[in-house]
**Student:** 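Structure in structure tokens, see below.
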Amino acid sequence: MEYNFKELEQKWQKFWNDNQIYKVEVDNSRPKYYVLDMFPYPSGAGLHVGHPLGYIASDIYSRYKRLNGFNVLHPMGYDAYGLPAEQYAIQTGQHPAITTENNLNRYRQQLDKIGFCYDWDREVKTCDPDYYKWTQWAFIQMFNHYYCNQAMQARPISELVDVFAQTGTEGLDLACSEELIFTADEWKAKSDKEQQEILLNYRLAYLADTMVNWCPALGTVLANDEVKEGVSVRGGHPVEQKVMRQWSLRVSAYAERLLTGLDNVDWSDSLKEIQRNWIGRSEGAEMTFKVKESDVEMEIFTTRADTVYGVTFMVLAPESELVDQLTTSEQRAAVDAYILETKKRTERERLAEVKKVSGVFSGAYAINPLTKEEIPVWISDYVLAGYGTGAIMAVPAHDSRDFAFAKHFDLPIRQVVIPEGGEATDPATWNDSIDSKEGTMVNSGILDGLSVKEGIAKTKEYIKAEGIGKVKVNYRLRDAIFSRQRYWGEPFPVYYKDDMPYMLDESKLPLTLPEIDKYLPTEQGEPPLGRAKNWQTEDGYPLELNTMPGFAGSSAYYLRYMDPKNDTALVGKEANEYWQDVDLYIGGTEHATGHLIYSRFWNKFLYDMGAVIKDEPYKKLINQGMIQGRSNFVYRVKGSNTFVSYNLRKDYDVTEIHVDVNIVRNDELDIEAFKKWSPDYANAEFILEGDKYICGWAVEKMSKSMYNVVNPDDIIEEYGADTLRLYEMFLGPLEQSKPWDTNGIDGVHKFLKKTWRLFYNSDQLAVSNDKATPDELKVLHRTIKKITDDVERFSFNTCVSAFMICVNDLNDLKCNKREILEPLLALLAPFAPHISEELWSQLGNTTSVVDAQWPELNESHLVESTVTYPVSFNGKMRFKIDLPADMNPKQVEEAVLAHQSAAKWIEGKTIRKVIVVPKKIINIVVG
RNA sequence: GCCCGAGUGGUGGAAUUGGUAGACACGCAGGACUUAAAAUCCUGUGACCAUUAGGUCGUGCGGGUUCAAGUCCCGCCUCGGGUACCA
């Protein structure tokens, strides 16, 4: 019987499905293991061969854990809200729910063919009301909580209301948008509306006028991680800064915990580093500079308090509130003109013109709290309103931006740090600021002679003692803008009364997305939900018109998989206590600053509430590499319809043209297929090498326009799912990015056929029950050891080669013993489940190989009686000798020196040293 | 600019703790079987020198540590990723 992959793969997929082999339930008698894939957004293009890479890896690990006795949760679902479906709806009028459903079904069909062990009963879709009910619920909870910096924890807002009524803000340290100070009496004197407005300043989900990334082309606001280099990540449209009243999540409150939490998770260093940079913790001091002849005080943040004697001017961000208060009447016109000018520039222009120095003098002078010097206050857009206090003390001698500014406007520069071993020099001769990370303080009054480190410490102490400032930690991480002016997203469970937002009662959830006539903003410029009829509460209060962003639905989906049908909680206690957290999470690194931050934030909040039992959601995380495209080219001789083969192209004047990789095999063009590919080429002529047309190639992004998209369905059609699975793993290390190259897939397919032939002798199953020989057992146990080790360290590519070695060896030994082959199938089952299941059942097993036992390693089969030692002279390997394994190093040394091959290398030389590393190597130093 | 990561045959890659560099595949060359093809199997395959025996060189470049370096250290180069007027 031949290895008929098509028939047997279909047969076993049906069997697994019919018998619910992958269904999992809470089972307290077995340890749990939770393996999660980042769920896909089902795009219209379907899966290409790069998508399943991570899914295959997680599937292998899930099956491996199950064979080792774990109760494995391995679910899948869809991130179903998103821009492409909505953009398509705008163009065609087709409801995004329909587009989404179609795409999703196509994804499911494609996924099913690969033979994954998902428990589809637990599927979640973010656009499903039963699911987004809990997204809305979590939002309500965030609205009803604030963050206490002292307890480092979220607390119910009702507690805060009580505290305000008793003691005002006295002694509180709260995460907030703006520092407010009021007494209990002041609080009580405020109207209900004023109190609500104040509470918004503390809520974890809050509505506020904030500077947002506005993307006119998409007609919506975007979060920071959705903007890169001044354009939207999706679509690449320009983004501008704009103040809008929007919902935000107070993610910044959790900055410190998001940072320290990274120490307790098993993620790659690079990913942790990306998150650390994004959170951007910087420790420094906040100092107050009084303004001359004014009550105004300027708060600045600096990490280099020690350089305060080098401050020669101050700079305010153009958006700073102080600008208005400080500007003198003489400077008013100039300042207004400058502000107007900066407002007009988009974020992108600002980024592109980083080198361009611009600014304006405010007319005001600040007083250096240490030197009492009067220093001018300038306004410039190189200072950002959103970071620190929106104001800086400029030290041009030791900061390159301040230096450029000082040069441009001819402001004084004063050196306060001299580098190690250097001397103070005249700043007028400098071309750039001087690095001051290390060195000695000069021109710095009380700090003179101290090192930079000592200087920082002493300044901090001094300003604290003098009441000039305080030690402060700043974070780059901003709150997440949570409103989108779009249709295809979760509606907010929010209504407005007297212009203040209120939450719907939980009993009203889910608030389902209404139908609308067009997926466009209203004539008045309201978001699409403004078109919905009766979009109001039962009492007639208007509902929120914005919807939630894409990351809302993906923030807690891993919790829902634990208990997907629960209609009284996001996740029930029993399920959460059993499944706890995700043991292994596999997905792309592109989510490092988006989903993986939001999701950790969301989880920590739920943890604070007591809704979940784990503080961190994802214990171990692996980023699979990107699969790039590998394009092929043909070379058309200019002005003709003749194509010249790759290695002959230099002799002609040619144009390089992309050719569909699906009609190229091992870089050889299928000429007949090429002629049919496009009518233009029907009469093409070819200049061949030998009798072949060889194509050129290049690594590019996988995309339709490069004709390098490979569909997994086509690979499965030709080779089967098991070959696809093995080949994707064989391609290289999981975490490494690599181009998809179908060259080489034959090798993996051949391996499966060879495996099949170990069991089948022509048409007959020919497996014997004879006892295995020591050699055969050695091959098996060597493989058990290698595969177990390699699976544990996610080195799946080396697993595949270990299987090849094993099957080649067994083939050489003509081994057809059940004692060897049956355990081999259990090892292979996670990688190639279909063929393993078929052969497993052919051996007479009545239960699925999915529930077989992982073979146990017996080291005694691996013990060798002799060791083959490589013998090196001065580090160069010269020959090998076989020696008994129980020889001690002294005996080994004697045996080697007595060996005939050694004579040649020793002759005429002195033996200086002999190094014997037992069971490894012998090195003889001669000279 | 700053922070990560990586550079190994014609190609993908292996070498887990410093111990035989190039496992396993692809490709290529030659051969067996076949009328032929497909399929399958066998042999060879880092470069250079040498008829053979064998030798020299070789893991981006330059230095170093070590009996021994792809692996550790120092200085560069190239590529990939992240991030940026963040004070």
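Reminder, nothing fancy here: chain letters follow the sequence lines and each chain counts from 1.
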**Student:** Between B/C33 and B/U51, how far is it from one C1' atom to the other, in whole Å?
**Tutor:**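 It comes out at 33 Å once rounded to the nearest Å.
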**Student:** How long is the gap from CD on A/Glu299 to NZ on A/Lys472, to the nearest 0.5 Å?
**Tutor:** 8.5 Å
**Student:** Which nucleotide, B/G13, B/A23, B/G54, lies nearest any side-chain atom of A/Pro733?
**Tutor:**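 Of the options given, the side chain of A/Pro733 lies nearest B/G13.
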**Student:** Kindly point out which of B/A84, B/U20, B/U16 is positioned nearest to the side chain of A/Ile921?
**Tutor:** B/U20
**Student:** Between B/G55, B/A87, B/C41, which one does the side chain of A/Arg878 approach most closely?
**Tutor:**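 Nearest to the side-chain atoms of A/Arg878, counting from C-beta on, is B/G55.
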**Student:** Please report the distance, rounded to the nearest Å, between CG in A/Asp809 and C1' in B/A23.
**Tutor:**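 One finds 12 Å between C1' of B/A23 and CG of A/Asp809, rounded.
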**Student:** Testing the 3.5 Å rule here: is there a donor-acceptor pair between the side chains of A/His398 and A/Thr307?
**Tutor:**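 Note: A/His398 and A/Thr307 side chains miss the donor-acceptor criterion.
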**Student:** How close or far is atom P of B/A68 from atom CG of A/Asn923, stated in whole angstroms?
**Tutor:**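 It works out to 7 Å between those atoms.
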**Student:** How far, in whole Å, is B/U56 from B/U11 if one measures between their C1' atoms?
**Tutor:**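 Taking atom C1' in both B/U11 and B/U56, they lie 27 Å apart.
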**Student:** So, OP1 or OP2 of B/A6: does either fall under 4.0 Å of a side-chain N or O from A/Gln736?
**Tutor:** no
**Student:** Nearest nucleotide by nearest heavy atom, which residue falls closer to the 5' end of RNA chain B, A/Gly388 or A/Glu273?
**Tutor:**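 Taking each residue's closest nucleotide, the earlier one in sequence belongs to A/Glu273.
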**Student:** Does a nitrogen or oxygen in the side chain of A/Lys692 sit under 4.0 Å from OP1 or OP2 of B/C28?
**Tutor:** yes
**Student:** What interatomic distance, in whole Å, is found between C1' of B/G9 and the corresponding atom of B/A23?
**Tutor:** 13 Å
**Student:** In this structure, which stretches of RNA chain B are paired as stems of three or more consecutive Watson-Crick or G-U pairs, both distances less than 3.5 Å?
**Tutor:** B:1-7 with B:77-83, B:10-12 with B:24-26, B:27-32 with B:40-45, B:46-49 with B:54-57, B:60-64 with B:72-76
**Student:** Remember a base hit wins even if backbone is also touched, and classify A/Lys701 as base, sugar-phosphate or nothing at under 4.0 Å, heavy atoms.
**Tutor:** nothing
**Student:** Taking only the side-chain heavy atoms of A/Ile392 (C-beta and beyond), determine which of B/C86, B/U83, B/A87 contains the nearest atom.
**Tutor:** B/A87
**Student:** Report yes or no: does A/Arg414 contribute a side-chain atom to a donor-acceptor pair with the main-chain N or O of A/Ala397 at less than 3.5 Å?
**Tutor:** no
**Student:** Do A/Glu2 and A/Tyr760 have a side chain donor and acceptor closer than 3.5 Å?
**Tutor:** no
**Student:** CD of A/Glu700 versus P of B/G80: gap in Å, rounded?
**Tutor:** 14 Å
**Student:** Write down the distance between CD (A/Glu283) and C1' (B/A87), rounded to a whole number of angstrom.
**Tutor:** 15 Å
**Student:** Closest to the A/Lys920 side chain: B/C3, B/C26, B/G19?
**Tutor:** B/G19
**Student:** OP1 or OP2 of B/G12 less than 4.0 angstrom from a side-chain nitrogen or oxygen of A/Asn743, does that happen here?
**Tutor:** no
**Student:** Would you say the side chain of A/Lys880 and the base of B/U20 hold a donor-acceptor pair, judged only by whether the two atoms sit under 3.5 Å apart?
**Tutor:**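 Check passes, donor-acceptor contact within cut-off.
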**Student:** Between atom NZ of A/Lys753 and atom OH of A/Tyr3, what is the distance when rounded to the nearest 0.5 Å?
**Tutor:** 9.5 Å
**Student:** Enter the distance from A/Leu259:CG to A/Arg600:CZ here, rounded to the nearest 0.5 Å.
**Tutor:**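 Here the interatomic distance stands at 8.5 Å.
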**Student:** Can you tell which of B/U83, B/A23, B/U16 lies closest to the side chain of A/Arg476?
**Tutor:**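 Of the options given, the side chain of A/Arg476 lies nearest B/U83.
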**Student:** Which nucleotide wins on minimum distance to the side chain of A/Lys738, given the candidates B/A87, B/G13, B/A14?
**Tutor:**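 Nearest nucleotide to the side chain: B/G13.
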**Student:** Taking OP1 and OP2 of B/A25, is either one under 4.0 Å from a side-chain nitrogen or oxygen of A/Lys750?
**Tutor:**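 So the side chain of A/Lys750 is outside the cut-off, no N or O lying under 4.0 Å from OP1 or OP2 of B/A25.
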**Student:** Using atom C1' in both nucleotides, what's the gap between B/U16 and B/A21 to the nearest angstrom?
**Tutor:** 16 Å
**Student:** From B/U16, B/C24, B/C85, pick the nucleotide closest to the side chain of A/Arg793?
**Tutor:** B/U16
**Student:** Nearest of B/G54, B/U40, B/C86 to any side-chain atom of A/Arg401?
**Tutor:**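 Among B/G54, B/U40, B/C86, the one nearest the side chain of A/Arg401 is B/C86.
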**Student:** Considering only atom C1', compute the distance from B/G60 to B/G70 and round it to an integer number of Å.
**Tutor:**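 It works out to 12 Å between them.
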**Student:** May I ask you to check whether A/Asp882 and A/Tyr869 show a side-chain donor-acceptor distance below 3.5 Å?
**Tutor:**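 Checked: A/Asp882/A/Tyr869 side chains show no N/O donor-acceptor pair below 3.5 Å.
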**Student:** Respond yes when some side-chain nitrogen or oxygen of A/Arg478 is under 4.0 Å from OP1 or OP2 of B/C86, and no when none is.
**Tutor:**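 For B/C86, neither OP1 nor OP2 has a side-chain N or O of A/Arg478 closer than 4.0 Å.
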**Student:** With RNA chain B as reference, determine whether A/Thr389 or A/Asp812 sits nearer its 5' end, using the nearest nucleotide of each.
**Tutor:** A/Asp812
**Student:** Take atom CG of A/Asn808 and atom C1' of B/A23, then tell me their distance rounded to the nearest Å.
**Tutor:** 12 Å
**Student:** Distance-only check: which donor-acceptor pairs under 3.5 Å involve side-chain atoms of residues 917-927 of chain A, not counting sequence neighbours?
**Tutor:**
| from | atom 1 | to | atom 2 | distance (Å) |
| --- | --- | --- | --- | --- |
| A/Asn923 | OD1 | A/Gly875 | N | 3.0 |

**Student:** Do the ring planes of A/Trp430 and A/Phe403 sit parallel (below 30°), tilted (30 to 60°) or perpendicular (above 60°)?
**Tutor:** parallel
**Student:** Out of B/G82, B/C67, B/U20, which nucleotide sits closest to the side chain of A/Val925?
**Tutor:**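 Nearest listed nucleotide: B/C67.
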**Student:** B/A87, OP1 or OP2 - any side-chain N/O from A/Tyr382 closer than 4.0 Å?
**Tutor:**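 For B/A87, OP1/OP2 do not have a side-chain N/O of A/Tyr382 under 4.0 Å.
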